[in-house]
*Asks:* 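Quick one: the structure is below, and I'll ask about it shortly.
We're numbering straight along the sequence, starting at 1.
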Amino acid sequence: MTNHTANFVPRLSERLKLVASFVPQDSRIADIGTDHGFVPICLAKEGRIKSALAMDVRTGPLERAEAHIKEAGISDIPISTRLSDGLKELKPQEADTVIIAGMGGELEIKILQEGRHLWSTIRRFILSPQSDLEKVRRFLSEEGFLIEKEAMLREEGKYYTVMSVVRGVYNRTIEYRYGKYLLEQKEPVLKEYLKKEEERVLAILASLSAKEEGELTKGQEKARQSLLEELSQIREAEYEVQ
């Protein structure tokens, strides 16, 4: 059992600090998949939000979140917990900012799709998909969303992206794959990531090129062409972030 005092302030990972930094002042937030409730607690402690709903599909995380909220001794800003599969139990006008972070990209898309009836009432979504970033960006564009702000960091050897999403669209392939805002801002972590991706693709191409011409199977030749296309996009993106 924890022995926190009423002054308990959670220690956020660098990724969650970045997520929290995207929340505008005086927001009313809903944190989907809240786990320990750390992000709402920290934002309330800093006086950044007016209210928070800490939501999760499992009772265990909600019980932990409730305990942490109590230990933090927050009395002036309402933070409540709610059992919910994604956005299903969120009511219109309860939140203007929704956080969906720390899940796979396909799950975040599913949560957004199932919460479609709330889109007109939510000012922005703060997303941090852990996979399928290009798929998420294409879904957002197809549904009329624009990534207004985006950042990338590396933590414990893994790359994470956080994006603030409002209504709007963009078009190019490299914007879907690597992020329009990240490219425009010449994000240093994106530069690092692109270099590693270029090295990865070149290594695979080298292994394929080691085979004698004509020895590649149809599948291998198709993979080689796909890799050459990806390499072209990586280098186009690298040129833009120089």
*Asks:* Does a salt bridge link E198 with R235, judged by any charged N lying under 4.0 Å from a carboxylate O?
*Replies:* yes
*Asks:* Is the Lys NZ or Arg CZ of R15 less than 6.0 Å from the centre of Y160's six-membered ring, within 45° of the axis?
*Replies:* yes
*Asks:* Do L83 and I69 sit in one hydrophobic cluster, given that two such residues count as connected whenever their side-chain heavy atoms are within less than 4.5 Å of each other, even indirectly?
*Replies:*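 In one cluster with L83: I69, no.
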*Asks:* Identify all side-chain donor-acceptor contacts of residues 58-66 below 3.5 Å with residues at least two apart in sequence or on another chain.
*Replies:*
residue	atom	partner	partner atom	Å
R64	NH2	D35	OD1	3.2
E66	OE2	T81	OG1	2.7

*Asks:* Roughly how far, to the nearest 0.5 Å, is the CG atom of D31 from the NE2 atom of H36?
*Replies:* 12.5 Å
*Asks:* With a sphere of 6.0 Å drawn around CZ of R123, does it hold more than 12 non-hydrogen atoms of other residues, nucleotides or ligands?
*Replies:*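 It does not: R123 CZ has 12 such atoms or fewer within range.
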*Asks:* Once rounded to the nearest 0.5 Å, what's the spacing between atom OG1 of T161 and atom OH of Y159?
*Replies:*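 Spacing of OG1 (T161) from OH (Y159) equals 11.0 Å.
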*Asks:* Nearest heavy-atom pair of H68 and F38: which atoms, and what distance?
*Replies:*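 So the minimum-distance heavy-atom pair works out to ND1-CE2, 3.4 Å.
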*Asks:* Rounded to the nearest 0.5 Å, how far does CG of L112 lie from CG of L87?
*Replies:*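 Here the interatomic distance stands at 7.0 Å.
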*Asks:* Can you list, pair by pair, the side-chain donor-acceptor contacts under 3.5 Å of residues 19-26, counting residues two or more places apart and other chains?
*Replies:*
residue	atom	partner	partner atom	Å
S21	OG	L18	O	2.6
Q25	NE2	G47	O	2.8

*Asks:* Are the side chains of I77 and L43 in touch, meaning some heavy atoms are under 4.5 Å apart?
*Replies:*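 No, side chains not in contact.
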*Asks:* Do L127 and V162 come close enough that some side-chain heavy atom pair is under 4.5 Å?
*Replies:*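 L127 does not reach V162 side chain to side chain.
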*Asks:* Are any non-hydrogen side-chain atoms of E240 and I174 less than 4.5 angstrom apart?
*Replies:*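 Yes, close enough: below the 4.5 Å cut-off.
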*Asks:* How about L227 and E230: do any of their side-chain heavy atoms sit closer than 4.5 Å?
*Replies:* yes
*Asks:* What I'd like to find out is whether the side chain of S84 reaches to under 4.5 Å of the side chain of V57, using heavy atoms alone.
*Replies:* no
*Asks:* Show, in sequence, the C-alpha distance, side-chain angles and deciding distance for E148 and S164, and conclude whether the side-chain hydrogen bond (donor to acceptor under 3.5 Å, both in side chains) test is met.
*Replies:* CA-CA 6 Å; E148 64 168 353; S164 178; 2.7 Å; yes
*Asks:* Which residues pass the side-chain hydrogen bond (donor to acceptor under 3.5 Å, both in side chains) test with E134, not counting sequence neighbours?
*Replies:*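 E134 satisfies side-chain hydrogen bond (donor to acceptor under 3.5 Å, both in side chains) with R138, R177 only.
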*Asks:* When hydrophobic residues are tied together by side-chain contacts of less than 4.5 Å, even through go-betweens, does V98 share a cluster with L107?
*Replies:* yes
*Asks:* At what distance, to the nearest 0.5 angstrom, does OG of S13 lie from CD of E156?
*Replies:*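 These two atoms lie 8.5 Å from each other.
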*Asks:* Dump the intermediate steps for side-chain hydrogen bond (donor to acceptor under 3.5 Å, both in side chains) on E229 and Q225, then the final yes or no.
*Replies:* CA-CA 6 Å; E229 182 180 346; Q225 292 300 324; over 6 Å; no
*Asks:* With a 4.5 Å cut-off on side-chain heavy atoms, are L205 and L231 touching?
*Replies:* yes
*Asks:* Please report the closest heavy-atom contact between T97 and S27, naming both atoms and the distance.
*Replies:*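 Distance-wise, the nearest heavy atoms are OG1-OG, 3.4 Å.
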*Asks:* Where is the tightest heavy-atom contact between V39 and L12, given as atom of each residue plus distance?
*Replies:*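 Taking every non-hydrogen atom into account, N-CD2, 4.2 Å.
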*Asks:* Could you grab the distance from atom CZ of R11 to atom SG of C42, nearest 0.5 Å is fine?
*Replies:* 11.0 Å
*Asks:* Should I111 and M103 count as side-chain neighbours, where that means a heavy-atom distance under 4.5 Å?
*Replies:*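 Sidechains of M103 and I111: in contact.
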*Asks:* Quick one: does I122's side chain get under 4.5 Å of D96's, heavy atoms only?
*Replies:*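 Side-chain contact under 4.5 Å: no.
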*Asks:* Indicate the atoms forming the closest heavy-atom contact of A101 with S128, along with that distance.
*Replies:* CB-CB, 3.7 Å
*Asks:* Charged N to carboxylate O below 4.0 Å: is that the case for R48 and E46?
*Replies:*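 Here R48 pairs with E46 in a salt bridge, since their nearest N and O are under 4.0 Å apart.
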*Asks:* Please give the remaining members of the hydrophobic cluster of Y181, linking ILVMFWY side chains under 4.5 Å, ordered by chain and number.
*Replies:*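 For Y181, no cluster forms, as it stays isolated from other hydrophobic side chains.
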*Asks:* How many angstroms lie between atom CG of L182 and atom NZ of K191, to the nearest 0.5 angstrom?
*Replies:*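 The distance works out to 12.0 Å.
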*Asks:* Applying ring pair (Phe, Tyr, Trp, His ring centres under 6.0 Å), name anything that partners F139, two or more places apart in sequence or on another chain.
*Replies:*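 Expected list: none.
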*Asks:* If you count heavy atoms of other groups shown closer than 6.0 angstrom to NZ of K186, is the number above 12?
*Replies:*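 More than 12 within 6.0 Å, yes.
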*Asks:* In terms of side-chain geometry, is the basic nitrogen of E14 or R154 positioned less than 4.0 Å from the acidic oxygen of its partner?
*Replies:*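 No.
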*Asks:* Only pairs at least two apart or in different chains count here, so list each side-chain hydrogen bond (donor to acceptor under 3.5 Å, both in side chains) that has a residue in residues 103-119.
*Replies:* E106-K135, K110-E114, R116-E143
